[in-house]
Amino acid sequence: MAQKPSIPKGTRDFSPGEVARRNYIINTIKQHFETFGFLPIETPSFENLETLLGKYGEEGDRLIFKILNSGDFLDKVDPHTYQGKDSAALLPMITEKALRYDLTVPFARYVVMHQNELQFPFKRYQIQPVWRADKPQKGRFREFFQCDADVVGAQSLLQEAEFVQLYDAVFTSLGLKGVVLKLNHRKVLSGIAQIIGAGEKLIDFTVALDKMDKIGQEGVVREMKQKGISEEAIAKAKPLFSLAGDNDDKIGQLRRLLQGSEAGLQGVEELATLFKITESLGLDELQLQLDVTLARGLNYYTGTIFEASAPAGVAMGSIGGGGRYDDLTGIFGMQDLSGVGISFGLDRIYLVLEELGLFPEELDRTLEVLCVNFGASEALAASRLVKKLRMAGVRADLYPSEAKLQKQFKYANNRKVPFVLLLGEEELASGSFVAKDMVSGKQHTYSLDALDEFLEAL
RNA sequence: GUGGUUGUAGCUCAGCUGGUUAGAGCGCUGGAUUGUGGUUCCAGAGGUCGCCGGUUCGAACCCGGUCUUCCACCCCA
């Protein structure tokens with residue numbers, strides 16, 4: 001019985017046009033990664049479950065795709081657990097591998113395992129799919145690509161500045177104007193929490209703060225109260241909600257607000273330095289914006305936090321993010337190794353470029369020359385012509401069958417081929433071919449011996 | 001994971017309070033045009049109405065389940 005085929009929720013097929021567009025983005029990112037001195041690595045699509053568990057918080061653990069043990073996976077389950085239907089207890093008995101959830105944790109694992117072979121500071125990039133058992137939405141998939149660049153073993157703030165430049169270079173190359181790179185600092189956040197006396201509630205405090213642009217000040221206050229943050233703490237944090245002006249103004253306000261928190265002040269100074277370096281280096285299209293409500297990846301970020309958001313008017317969450325993590329490798333037994341990294345969300349960047357019509361037209365021009373097929377003897381001559389064109393690096397093809405000219409031309413038209421070559425009986429006799437420019441409709445005859453003439457016209 | 005939403009031709013979508021043979025535009029195939037596409041005209045093909053079950057004399061339409069899409073929450077690229 002034939003059944004309708006389907007693919008799992010949140011996954012997609014990519015047709016030739018989409019692959020061309022995805023490769024265009026990937027190649028742009030890759031090119032900049034390499035000019036910035038990053039080296040490529042790849043890691044397995046699945047890891048040992050224990051490598052991933054506990055690294056992304058409770059929510060993250062839930063979203064990790066677990067792989068069922070092979071063979072008789074119930075073999076190791078004792079009857080009591082089986083009867084009890086306790087998923088949490090059952091889990092470790094039936095699964096010990098899981099699909100990669102991001103590229104950062106596998107990278108940390110990689111660094112620890114290969115520490116003796118690596119030159120520090122080590123700059124790596126990695127472009128691979130990751131998987132999350134999330135509920136799909138627009139721009140949110142269960143299988144998607146991340147493009148990560150990280151440096152480990154370098155403390156300097158220059159690294160952060162480099163990543164700002166890298167974001168700018170990539171988005172500028174893609175023609176994406178109006179991308180805002182939001183910046184914050186983990187120490188600023190913890191400093192604030194400490195000053196207002198909500199130090200133990202740091203996570204709840206920042207998670208609530210992060211929703212500012214979504215639910216507004218009132219909503220944030222309501223959520224903070226709900227999480228048990230005191231009224232006076234919230235009152236003290238009020239100035240944060242209305243932090244205004246340019247980045248320098250905000251820095252000044254934070255300096256005053258964070259008097260008395262050494263860590264907080266250190267965070268502010270780091271941000272100030274980062275702004276200063278960036279100002280002297282200059283930016284092309286990227287806009288830099290200090291945003292104290294930005295609170296991402298708190299499970300491992302310890303310093304600067306980045307988030308790139310789509311240009312205003314495009315309904316898409318963040319299209320990239322990153323930050324500094326002082327001790328990511330610590331959990332794998334390698335202490336005191338500082339890292340900074342950023343990520344580009346390929347799939348979301350795709351959707352944004354598509355919505356804004358920013359993909360170059362030539363991505364659809366997959367064939368430069370199509371040779372019409374007039375029958376056996378003409379086609380043989382045409383094959384020789386096509387072979388020469390291919391050796392010259394031209395994307396050329398011969399229509400495989402002697403179909404009606406109308407059909408062959410229509411095919412060329414749909415494939416957006418700019419030149420159609422005609423090599424029929426007449427041309428064969430005179431040792432020439434006709435090239436038709438499909439845009440202008442003009443035709444020109446060339447000698448088969450003088451291909452260069454045609455190649456120049458291409 | 002919670003709540004909601006969507007699904008009709010290859011694509012984008014109509015389809016009235018349930019009523020014969022489910023429509024349009026685009027695309028596709030053939031012809032006008034046996035060495036010329038993109039424009040025009042003519043003709044044609046193409047549908048288990050997401051899937052399973054129920055109500056009914058009768059279901060694309062109502063009910064239940066399920067899958068999928070998108071949205072909000074959670075979280076995130």
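Order of the sequence lines fixes the chain letters, A, B, ..., with proteins taken first and strands second; residue numbering starts at 1 for each chain.
Counting only N and O atoms by type, the side chains of A/T293 and A/D210 include no donor and acceptor under 3.5 Å apart. Inspection of the A/E160 and A/T304 side chains reveals an N or O donor paired with an N or O acceptor under 3.5 Å. A/R324 and A/T302 form no side-chain donor-acceptor contact under 3.5 Å, judged by distance and modelled atom types alone. No donor-acceptor contact under 3.5 angstrom links the side chains of A/D61 and A/Y56, judged on distance only. Side-chain contact, A/Y125 with A/E34: a donor N or O sits under 3.5 Å from an acceptor N or O. A/Y301 and A/N184 share no side-chain donor-acceptor pair at under 3.5 Å.
Using a 4.0 Å heavy-atom criterion, one finds that A/S343 contacts no nucleic acid atom at all. A/G60 comes within 4.0 angstrom of no nucleic acid atom, judged by non-hydrogen atoms across all strands. Contacts of A/E59 with the nucleic acid, taken as non-hydrogen atoms under 4.0 Å apart, include base atoms. Among the protein residues, A/I319 comes within range of the sugar-phosphate backbone only, with heavy atoms under 4.0 Å from sugar or phosphate atoms but none that close to a base. Within 4.0 Å of A/E143, counting heavy atoms only, lies no atom of the nucleic acid at all. Within the nucleic acid shown, A/K9 comes within 4.0 Å of sugar-phosphate atoms alone, with no base atom in reach, counting heavy atoms only. Here A/G139 lies in heavy-atom contact (under 4.0 Å) with a base. A/K211 comes within contact range of the sugar-phosphate backbone alone, with a heavy-atom separation under 4.0 Å but no base atom that close. As judged by a 4.0 angstrom heavy-atom cut-off over every strand, A/G10 is placed among residues touching the sugar-phosphate backbone only. Counting any heavy atom pair closer than 4.0 Å across all strands shown, A/V420 reaches no nucleic acid atom.
Between atom OG1 of residue A/T43 and atom CZ of residue A/R109 there is a gap of 6.0 Å, rounded to the nearest 0.5 Å. Atom CZ of A/F344 and atom OH of A/Y167 lie 5.5 Å apart (nearest 0.5 Å).
Using a distance-only test at 3.5 Å, with no hydrogens or angles considered, a donor-acceptor pair links the side chain of A/R142 to the main chain of A/D134. Side-chain N or O atoms of A/K66 include none that pairs as donor or acceptor with a backbone N or O of A/A98 at under 3.5 Å.
Comparing the P positions of B/G46 and B/A24 gives a spacing of 14 Å, expressed to the nearest Å. The same atom, C1', is picked in B/U68 and in B/C52; the two are 15 Å apart, to the nearest Å. Taking atom P in both B/U48 and B/G10, one finds a spacing of 8 Å when rounded to whole Å. Spacing between B/G3 and B/C76 at atom P, rounded to whole Å, works out to 22 Å. Rounded to whole Å, the separation between the C1' atoms of B/G19 and B/G58 comes to 7 Å. Across B/C70 and B/G7, the matching C1' atoms stand 11 Å from one another, rounded to whole Å. If you take atom C1' in B/A14 and the same atom in B/G47, they sit 15 Å apart, rounded to whole Å. For the P atoms, the distance linking B/C41 with B/G25 amounts to 12 Å, nearest Å.
Ionic pairing of A/K123 and A/E162 is present here: one or more N-O contacts between side-chain nitrogen and carboxylate oxygen are shorter than 4.0 angstrom. Salt-bridge annotation for A/R140 and A/D347: absent, with no side-chain N of the basic residue lying under 4.0 Å from a carboxylate O of the acidic one.
The nucleotide whose nearest atom lies closest to any side-chain atom of A/F141 is, among B/G35, B/A77, B/C73, B/A77. Nearest to the side chain of A/K138, among B/A77, B/C71, B/U36, sits B/C71. Relative to the side chain of A/L63, the nucleotides B/C71, B/U36, B/C75 differ in distance, and B/C75 lies closest. Which of B/A77, B/C74, B/U36 sits closest to the side chain of A/L405 comes down to B/U36.
One atom, CG of A/L421, and another, C1' of B/G35, lie 14 Å apart when rounded to the nearest Å. Rounded to whole Å, atom P of B/G37 lies 18 Å from atom CZ of A/F419. A/I29 places its CD1 atom 15 Å from the P atom of B/A77, with the value rounded to the nearest Å. Distance A/I127 CD1 to B/A77 P: 17 Å, rounded to the nearest Å. Taking atom CG of residue A/D102 and atom C1' of nucleotide B/A77, one finds them 10 Å apart after rounding to whole Å. Spacing between atom CG of A/D13 and atom P of B/C11 amounts to 13 Å, rounded to whole angstrom units.
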inquiry  = What does the 5'-to-3' dot-bracket notation of RNA chain B look like when only Watson-Crick and G-U wobble pairs under 3.5 Å count, and pairs to other strands show as |?
reply    = ((((..(..((((.....[...)))).(((((.......))))).....(((((..]....))))))..))))....
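Both A/F144 and A/E426 sit near RNA chain B, but only A/E426 has its closest nucleotide nearer the 5' end. Nearest-nucleotide positions on RNA chain B for A/P136 and A/F409 put A/F409 closer to the 5' end.
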task = Show the numbers, then the answer: is there a side chain to side chain contact (heavy atoms under 4.5 Å, CB included) between A/L283 and A/T278?
result = CA-CA 7 Å; A/L283 287 176; A/T278 301; 3.7 Å; yes
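Between A/L367 and A/K416, the closest side-chain pair of non-hydrogen atoms is not below 4.5 Å.
Put simply, A/Q443 has no side-chain N or O that comes within less than 4.0 Å of OP1 or OP2 on B/U36.
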Nucleotide N/O to protein N/O under 3.5 Å, stretch nucleotides 1-8 of chain B:
unit_1: B/G1; atom_1: N9; unit_2: A/R62; atom_2: NH1; d: 3.4
unit_1: B/U2; atom_1: O4; unit_2: A/K135; atom_2: NZ; d: 2.9

Any N/O pairs under 3.5 Å between the protein and nucleotides 27-33 of chain B? List them or say none.
unit_1: B/C28; atom_1: OP1; unit_2: A/N414; atom_2: ND2; d: 3.4
unit_1: B/G31; atom_1: OP1; unit_2: A/K404; atom_2: NZ; d: 3.3
unit_1: B/G31; atom_1: OP2; unit_2: A/K404; atom_2: NZ; d: 2.8

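Between the side chain of A/Q408 and the base of B/U36 there is no donor-acceptor pair of N/O atoms closer than 3.5 Å. A donor N or O paired with an acceptor N or O is found under 3.5 Å between the base of B/G37 and the side-chain atoms of A/N413.
In this structure, A/R21 satisfies the cation-pi test against A/F359, with its NZ or CZ atom closer than 6.0 Å to the six-membered ring centre and inside 45 degrees of the ring normal.
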